[in-house]
Amino acid sequence: MKMQIETTPLPGVMILTPKRHGDARGFFSESWSRETLAAQGIELDFVQDNHSLSEAAPTLRGLHFQAPPRAQAKLVRCGRGRLLDVAVDIRKGSPSYGRWTGVELSFGNGRQLLVPAGFAHGFVTREPGTEIVYKCTDTYAPETEGAIHWADPDLAIDWDLPRGEEPRLSAKDAEAGRLADLDSPFTYEGPLPWENRT
Ligand SMILES: Cc1cn([C@H]2C[C@H](O)[C@@H](COP(=O)(O)OP(=O)(O)O[C@H]3O[C@H](C)C(=O)[C@H](O)[C@H]3O)O2)c(=O)[nH]c1=O
């Protein structure tokens, strides 16, 4: 099996873990293959790869999204270090609207998180020098970007921060508003194709 596919408590958000072919040199893995995912009902065409380094820990980036028609699904993995990756359902009318899930991604566990369009995405790093790499199904469109505050009390995300430590943030993220004050540009259109297959 090339890719282990697991559900999370948040419908539509999936954990994809590629098989690592180990040998005396180290390992090889296919981190993404359109064919492998399509066979599981996950037909996504990625058009941009992103890579960011966060020097200090905890650094928190998010919660971000691009609005339709430039919405992005993302396939996220941790190239170096360790992070908690978080997705929030912001599709109006969704049975899981406003719910979040968090999964630890690390170079060690090789896990990847599939964040569908319609979900806000953010992460907090757990080691210095953590790198994140992720594929997106649309290109960068800053005019469509939206943000939700990482500590939105209605979301009540448990970022599991070290006691009393404030995360390093961008000014944009520090000033983000609450989901309740956002007219989300996303509307629930029913279960995602892969929700009923796994
Ligand atoms: C997202 C993006 C940014 N940039 C430029 C714009 C700024 O000059 C610089 C940093 O951008 P920003 O502060 O928005 O980067 P992050 O805070 O890491 O934002 C990302 O973090 C969360 C977790 C995400 O899921 C999104 O991909 C994205 O919003 O990179 C680009 O040139 N292309 C891009 O696609």
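Values below: every heavy atom of this structure, side chains too, minus hydrogens, waters and symmetry copies. One-based numbering, in listed order, for ligands and for the atoms of each.
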### N/O separation below 3.5 Å, S52 to ligand 1
no

### Query
Do ligand 1 and S170 have nitrogen or oxygen atoms that lie under 3.5 Å from each other?
no

Please check if atom [atom1] in [X] has more than 12 non-hydrogen atoms from other residues, nucleotides or ligands closer than 6.0 Å.
{"X": "E189", "atom1": "CD", "value": "no"}
{"X": "R99", "atom1": "CZ", "value": "yes"}
{"X": "E165", "atom1": "CD", "value": "yes"}

Any carboxylate oxygen within less than 4.0 angstrom of a Lys/Arg side-chain nitrogen, looking at [X] and [Y]?
{"X": "K92", "Y": "D183", "answer": "yes"}
{"X": "D154", "Y": "R178", "answer": "yes"}
{"X": "E104", "Y": "R111", "answer": "no"}

### Message
So, 4.0 Å and heavy atoms of F65: is ligand 1 close enough to count as a contact?
### Response
no

### Task
Give a yes/no verdict on whether any heavy atom in K74 is under 4.0 Å from an atom of ligand 1.
yes

Among protein heavy atoms, which lies nearest [atom], and at what distance?
{"atom": "atom 6 (C) of ligand 1", "answer": "Y140 OH, 3.4 Å"}
{"atom": "atom 35 (O) of ligand 1", "answer": "Q48 NE2, 3.0 Å"}
{"atom": "atom 13 (O) of ligand 1", "answer": "K172 NZ, 4.2 Å"}
{"atom": "atom 19 (O) of ligand 1", "answer": "H64 ND1, 3.3 Å"}
{"atom": "atom 26 (C) of ligand 1", "answer": "Y134 OH, 3.5 Å"}

### Message
Within the structure provided, determine whether L155 and L63 are in side-chain contact (heavy-atom separation under 4.5 Å).
### Response
yes

### Summary
If we number the atoms of ligand 1 from 1 as shown, the ones under 4.0 Å from a heavy atom of E145 are 29 (O)

### Query
So which of R61, H51, Q72, H121 gets nearest to atom 25 (O) of ligand 1, if we judge by its closest heavy atom?
H121

### Message
For atom 10 (C) of ligand 1, is there a protein heavy atom at a distance under 4.0 Å?
### Response
no

### Query
What is the distance from atom NE2 of H51 to atom CD1 of I132, rounded to the nearest 0.5 Å?
9.5 Å

